[in-house]
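The next block holds one structure in the form of structure tokens; read it before the comments.
Small disclaimer: the values here were computed from a predicted structure and weren't measured.
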Amino acid sequence: MNVPNMLTTLRFALIPVYIVVYASGHMKWAFAVVVVAGMTDILDGYLARRHGQVTAVGAMLDPLADKSMMIAVIISLLATGHLHWTACAAFFIRDIGMIAGSAIFHFRGKKTVPANWMGKLTTVLYYAAIAFIFFELPFAQAYLWGVIGFSFVTSFIYIILFARLNKLERRGGQAKSDSGVAADQAK
């Protein structure tokens with residue numbers, strides 16, 4: 001357990017804190033909890049890369065902590081009428097698809113595409129959308145739909161990158177096995 005992984009664990013612990021604060025009607029304080037969670041996300045990634053503490057556990061738990069916090073926020077906003085069910089459904093379709101797809105391919109031994117700038121940008125844009133909703137800005141819902149659309153575009157690009165990565169991996173494995181067969185035949 002290193003510092004980045006402890007920060008990820010803290011992010012999981014902040015989810016029930018957020019729920020309690022939000023349920024008590026303190027929207028601004030609840031948003032502050034979301035901001036603290038977002039800051040721990042930035043900090044744990046920075047520390048992990050800076051100090052060479054990137055672990056397989058951290059790589060798996062970090063996005064799960066992010067998604068879990070965002071799910072708690074989306075559900076709470078839906079439950080209190082701050083978010084329309086169609087936006088919630090679109091968010092869940094995309095995120096559950098990404099989570100399930102990554103898990104299935106990981107357990108099948110496929111390579112997964114690491115987090116990239118588009119995924120990070122999508123997260124930042126979602127946090128901005130959430131802020132606009134919490135502060136009840138008039139354009140918040142339209143902005144959120146723009147972010148949802150962008151997130152589907154990034155998912156599509158992720159799928160393309162995943163397919164290319166695994167296609168190259170198959171070709172590399174095939175080339176290795178072909179060269180092994182050729183070497184055996186030469187003997």
Side-chain angles (χ1 to χ4, degrees), residues 1-24 26-79 83 88 90-134 144 147-148 150-152 154-155 157-159 161-162 165-166:
M1 182 65 94
N2 57 32
V3 172
N5 289 347
M6 289 186 337
L7 288 170
T8 299
T9 303
L10 172 62
R11 207 155 56 255
F12 279 111
L14 286 173
I15 294 169
V17 173
Y18 164 79
I19 292 169
V20 168
V21 173
Y22 188 88
S24 68
H26 297 97
M27 283 190 64
K28 306 297 189 267
W29 285 109
F31 180 70
V33 174
V34 174
V35 169
V36 169
M39 293 173 74
T40 65
D41 182 28
I42 293 167
L43 185 59
D44 74 22
Y46 170 77
L47 291 174
R49 286 185 297 279
R50 172 108 171 140
H51 298 291
Q53 295 179 325
V54 176
T55 65
V57 170
M60 187 169 45
L61 289 181
D62 183 68
L64 184 59
D66 297 340
K67 298 288 183 212
S68 299
M69 176 58 88
M70 196 57 74
I71 287 168
V73 170
I74 295 295
I75 290 174
S76 65
L77 291 171
L78 176 68
L83 192 63
C88 183
F91 173 84
F92 280 118
I93 288 168
R94 185 260 183 183
D95 274 31
I96 290 171
M98 292 295 289
I99 292 168
S102 292
I104 289 167
F105 292 123
H106 171 76
F107 290 116
R108 288 187 176 177
K110 302 283 185 188
K111 297 242 183 219
T112 55
V113 178
N116 58 34
W117 69 270
M118 286 189 310
K120 293 178 190 308
L121 177 60
T122 302
T123 301
V124 169
L125 294 175
Y126 265 122
Y127 272 98
I130 297 303
F132 297 156
I133 292 168
F134 269 87
L144 175 63
V147 174
I148 289 170
F150 181 75
S151 73
F152 275 93
T154 61
S155 296
I157 292 169
Y158 177 88
I159 291 166
L161 292 174
F162 170 81
L165 177 67
N166 284 286

Exercise for the section: Using a 4.5 Å cut-off on heavy atoms from C-beta on, say whether the side chain of Phe132 contacts that of Leu144. Expected result: no

Practice task
For residues Val33 and Trp29, determine if any side-chain heavy atom of one lies less than 4.5 Å from a side-chain heavy atom of the other.
Solution key: no

Problem - Closest non-hydrogen atom pair, Val73 against Val34 - result: CG2-CG2, 3.6 Å

Problem - Nearest non-hydrogen partners of Phe150 and Leu121, listed with the distance - result: CZ-CD2, 3.8 Å

Handout entry: Pair Asn2, Thr55: side-chain N/O donor-acceptor within cut-off below 3.5 Å
Key = no

Handout entry: Minimum side-chain heavy-atom gap Met69-Thr40 below 4.5 Å
Key = no

Fill in the blank from the handout: Sequence neighbours excluded, the answer for ring-ring contact (aromatic ring centres under 6.0 Å, His included) partners of Tyr18 is Tyr22

Handout entry: side chain to side chain contact (heavy atoms under 4.5 Å, CB included) partners of Met39, counting only residues at least two apart
Key = Val35

Exercise for the section: Might you point out which heavy atoms bring Phe92 and Ile75 nearest each other, and give the distance in Å? Expected result: CZ-CG1, 3.7 Å

Practice task
Side-chain contact test, heavy atoms from C-beta onward, threshold under 4.5 Å: evaluate it for Leu7 versus Val3 and give yes or no.
Solution key: yes

Practice task
Determine whether Ile130 and Ile74 make a side-chain contact, defined as any pair of heavy atoms from C-beta on separated by less than 4.5 Å.
Solution key: yes

Problem - With Thr9 via side-chain hydrogen bond (donor to acceptor under 3.5 Å, both in side chains) - residues at least two apart - result: none

Sequence neighbours left out, cut at 3.5 Å: what donor-acceptor pairs do the side chains of residues 45-53 make with other protein atoms?
from, atom 1, to, atom 2, distance (Å)
Tyr46, OH, Arg50, NE, 3.4
Arg49, NH1, Gly45, O, 3.3

Practice task
Using ring-ring contact (aromatic ring centres under 6.0 Å, His included) as the criterion, list what pairs up with Tyr126, not counting sequence neighbours.
Solution key: Phe91

Practice task
For the residue pair Leu83 and Ile133, establish whether any side-chain heavy-atom pair is separated by less than 4.5 Å.
Solution key: yes

Fill in the blank from the handout: Residues pairing under salt bridge (Lys or Arg N to Asp or Glu O under 4.0 Å) where one sits in residues 63-79, two or more places apart or in two chains, turn out to be Arg11-Asp66, Lys67-Asp95

Handout entry: Gap separating the CG atom of Leu43 from the OG1 atom of Thr8, nearest 0.5 angstrom
Key = 10.0 Å

